[in-house]
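Mind having a look at this structure? Questions to follow.
To find a chain, count down the sequence lines: A is the first, B the second, and so on, and within it residues start at 1. Only heavy atoms go into these numbers, but all of them, side chains included; no hydrogens, no water, no symmetry mates.
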2 protein chains.
Amino acid sequence: MTKATATIRDVARAAGVSVASASRAMNGHSNVTTKTRERVEAAAAALDYVPHLGARSLTMAKTNTIGVVLPDLFGEFFSEIIRGIDRVAHAGGLQLLLANMHGERAETAHAIRAMRGRVDGLLIMSPDVDADFLNANLPRGLPAVVLNGHITGVGHGSLSIDNGAGARAMVAHLVARGHRRIAHIAGPSGNSDADQRLAGFRAAMAELVGDTAPRVFAGDFTEAAGEAAGRAIAADGGIDAVFAANDVMAVGCMAALADAGVAVPGDVAVAGFDDVPIARYVTPGLTTMRVHIADLGARAFERLAALIAEPGVATPPDETLAPELVVRGSA
Amino acid sequence: MTKATATIRDVARAAGVSVASASRAMNGHSNVTTKTRERVEAAAAALDYVPHLGARSLTMAKTNTIGVVLPDLFGEFFSEIIRGIDRVAHAGGLQLLLANMHGERAETAHAIRAMRGRVDGLLIMSPDVDADFLNANLPRGLPAVVLNGHITGVGHGSLSIDNGAGARAMVAHLVARGHRRIAHIAGPSGNSDADQRLAGFRAAMAELVGDTAPRVFAGDFTEAAGEAAGRAIAADGGIDAVFAANDVMAVGCMAALADAGVAVPGDVAVAGFDDVPIARYVTPGLTTMRVHIADLGARAFERLAALIAEPGVATPPDETLAPELVVRGSA
DNA sequence: CTGTTAGCGCGTTCAA
DNA sequence: TTGAACGCGCTAACAG
């Protein structure tokens with residue numbers, strides 16, 4: 001029979017002091033005799049004592065954990081944003097409780113509620129989340145920061161990528177290179193990044209090229225979608241540049257173009273969005289809009305930490321991160 | 001002043017029943033009058049009650065959460081393994097508490113101890129972890145499954161990729177294609193996957209080619225490392241095939257080769273390991289050993305769940321997942 | 001079927 | 001400086 005982990009009471013008993021003294025000694029309070037502290041520490045070491053953080057959280061009404069609710073992201077975007085959040089959280093000694101969503105609205109609501117009592121705040125990225133949804137499902141008083149969404153109210157904040165400006169900058173770049181017959185490969189409808197990039201593309205095409213009905217291929221942010229669009233573009237022949245809503249689709253598109261014997265950027269220029277690490281290693285290097293994904297996560301965490309530290313503060317204005325044009329060989 | 005979230009006592013009071021009845025009603029116990037249940041549910045809805053899971057965990061001595069300790073992984077390997085774990089955990093209604101390590105041994109120990117009282121079991125992937133380390137730092141009685149490590153003892157299990165067989169299969173493939181002057185780009189020393197792939201490569205080269213001192217480039221699993229090796233290989237001129245310890249380095253290497261005007265696979269064949277999603281979209285498609293990363297995570301979770309459900313069971317033998325050769329255009 | 005009591009493991013008043 | 005008592009929010013055992 002394996003002996004269960006010792007509790008603070010076992011430590012106190014072994015040290016011959018009260019649990020209160022044991023607690024004080026182990027938490028480094030000053031009002032403890034050196035002798036008492038030593039006895040407690042010796043007892044703790046002997047018993048291999050490990051504090052029960054769940055219990056501690058209950059008494060202190062603080063969990064030192066933040067909940068992260070993300071959609072079912074694929075590939076490097078997911079790992080990069082987690083890395084960014086973790087980098088800052090780790091420095092502050094906070095843990096991350098993760099919830100991956102698979103798109104169901106009710107499921108997201110459930111996940112948010114299920115975090116009550118386990119986290120000090122929430123970082124949420126989900127197309128389902130708007131102000132009403134949050135008010136209906138967020139446990140009262142729990143701070144939350146929404147990524148790529150707009151939210152107001154005390155204890156809430158939001159942060160997003162300036163997708164419109166990014167799309168416009170990319171179209172301007174393609175136009176400057178002499179392209180006019182520019183198509184777009186869209187991301188999944190309903191995803192706010194995807195929708196904003198598409199809208200930005202259309203607006204820029206209308207303004208800079210005078211094309212009010214540019215060609216748009218449906219996509220879902222996966223390589224396969226990019227590949228399908230690439231095949232269609234190769235067959236079409238009338239398009240001289242493609243702007244994909246993310247890098248992953250741009251890469252899939254380039255692969256299909258290469259298969260079809262279409263030269264990039266000679267016959268068709270290809271551009272993406274995000275600047276995932278792989279973008280610079282494909283051949284030719286992918287021209288894209290750089291989003292500092294990890295920084296987005298880190299910055300969101302910082303906003304949340306501020307909300308937790310200073311509850312009841314009024315919502316600061318939305319923060320927007322501007323993406324940056326990175327020109328490589330593909331466009 | 002924002003009103004804090006209601007507790008079960010508030011619900012009980014509003015419904016005019018005891019907390020015990022409220023608890024029973026909300027948890028769907030059978031011994032409750034329909035009328036009582038309705039009153040409780042109405043009160044809960046009116047007060048917007050959300051249960052405090054931290055408190056519930058304390059009483060039930062069950063957290064419905066598992067801790068995931070991972071090294072500082074980059075790119076798709078990280079997201080894939082989390083996806084695999086989450087897929088199964090989510091189905092079982094479990095949450096994931098994440099800890100990213102940055103390589104310090106003491107830090108890993110701290111992270112493991114910090115999970116006490118917050119999780120029902122641990123999934124650990126770290127080069128620092130061996131049997132002694134785990135015995136010294138794992139809270140007594142906490143089940144744990146180690147990925148890519150070997151562990152024994154009651155309540156522990158391990159799971160790993162058969163890197164040796166994978167490396168051998170790849171060398172055999174390259175040899176069958178007529179290559180003899182084969183180099184390896186190694187992963188970070190100390191990483192068990194990297195070390196095993198390197199050892200497997202050396203053993204296979206000795207056996208199949210009779211080369212007991214094949215060329216090995218140091219690397220760290222990043223694109224940059226692959227790129228550096230690729231430049232060296234282009235300059236060298238005496239190598240006709242490269243086997244990189246992971247796909248990311250293989251892609252970096254291909255980019256450098258292309259820059260230097262070296263044809264792939266004409267002048268130098270390139271192969272990787274992992275089969276990350278991007279592998280099939282680079283040009284030419286990357287020949288690699290497919291590791292079902294998400295399945296590895298999912299399977300590890302299942303092992304852990306079994307350990308949690310049936311504590312005190314003897315350690316089953318290590319499980320090993322065999323990678324599979326995927327031939328594309330690069331080798 | 002329901003209410004009362006006890007306790008999960010811990011930090012923290014409040015006296016002594 | 002120390003210890004006893006209380007409470008965090010919840011569920012389980014035990015009477016009624």
How close or far is atom P of C/dC1 from atom CZ of B/Arg39, stated in whole angstroms? 17 Å
What is the distance, to the nearest angstrom, from the CZ atom on B/Arg13 to the P atom on C/dT4? 13 Å
Rounded to whole Å, NE2 of A/His52 lies from P of C/dG11 at a distance of 12 Å
Describe the nucleic acid contact of B/Ala61 in one word from base, sugar-phosphate, nothing, applying a heavy-atom distance below 4.0 Å. nothing
When you compare the side chain of A/Asn64 with that of A/Ser57, does any pair of heavy atoms fall below 4.5 Å? no
Taking only the side-chain nitrogens and oxygens of A/Thr59, find out if one of them lies under 4.0 Å from OP1 or OP2 of D/dG7. no
Using a 4.0 Å heavy-atom cut-off across all strands, classify A/Ser57 as base, sugar-phosphate, or nothing. nothing
Would you say C/dG3 has OP1 or OP2 under 4.0 Å from some side-chain N or O of B/Ser21? yes
Out of curiosity, B/Ser79 OG to A/Leu70 CG, how far, rounded to the nearest 0.5 Å? 11.5 Å
Grab the CG-C1' distance between A/Asp10 and C/dC10 for me, whole Å please. 13 Å
Could you please spell out the steps behind the side chain to side chain contact (heavy atoms under 4.5 Å, CB included) verdict for A/Val17 and A/Arg37? CA-CA 10 Å; A/Val17 300; A/Arg37 183 186 307 283; over 6 Å; no
Using a heavy-atom cut-off of 4.0 Å across all strands, would you classify A/Ser23 as base, sugar-phosphate, or nothing? base
When rounded to whole Å, the CG to C1' distance for the pair B/Leu58 and D/dC8 reads 9 Å
Could you pick out which residue, B/Thr33 or B/Ala55, lies toward the 5' side of DNA chain C when each is mapped onto its nearest nucleotide? B/Thr33
When rounded to the nearest 0.5 angstrom, what is the spacing between OG in A/Ser126 and CG in A/Asn148? 11.0 Å
Measure CZ/A/Arg118 against C1'/D/dC8 and give the value in whole Å, please. 15 Å
Using only side-chain N and O atoms of B/Tyr49, determine if any of them is under 4.0 Å from OP1 or OP2 of D/dC10. yes
Would you say B/Thr7 places a side-chain N or O within less than 4.0 Å of OP1 or OP2 belonging to D/dG9? no
Would you find a donor on one side and an acceptor on the other, under 3.5 Å apart, between the side chain of A/Ser18 and the backbone of A/Ser21? yes
Given C/dT2, D/dT11, C/dC10, identify the nucleotide with an atom nearest to the side chain of B/Met60. D/dT11
Between C/dT13 atom P and A/Asn31 atom CG, what is the distance in whole Å? 11 Å
On DNA chain C, check which nucleotide each of A/Arg24 and B/Val19 is closest to and give me the residue with the more 5' one. B/Val19
D/dT11, C/dG9, D/dT1: which one has an atom nearest the side-chain heavy atoms of B/Arg56? D/dT11
Hey, does B/Arg9 reach any base, or is it just sugar-phosphate, or nothing, if we go heavy atoms under 4.0 Å? sugar-phosphate
Atom NE2 of B/His29 to atom P of C/dC1: distance rounded to whole Å? 13 Å
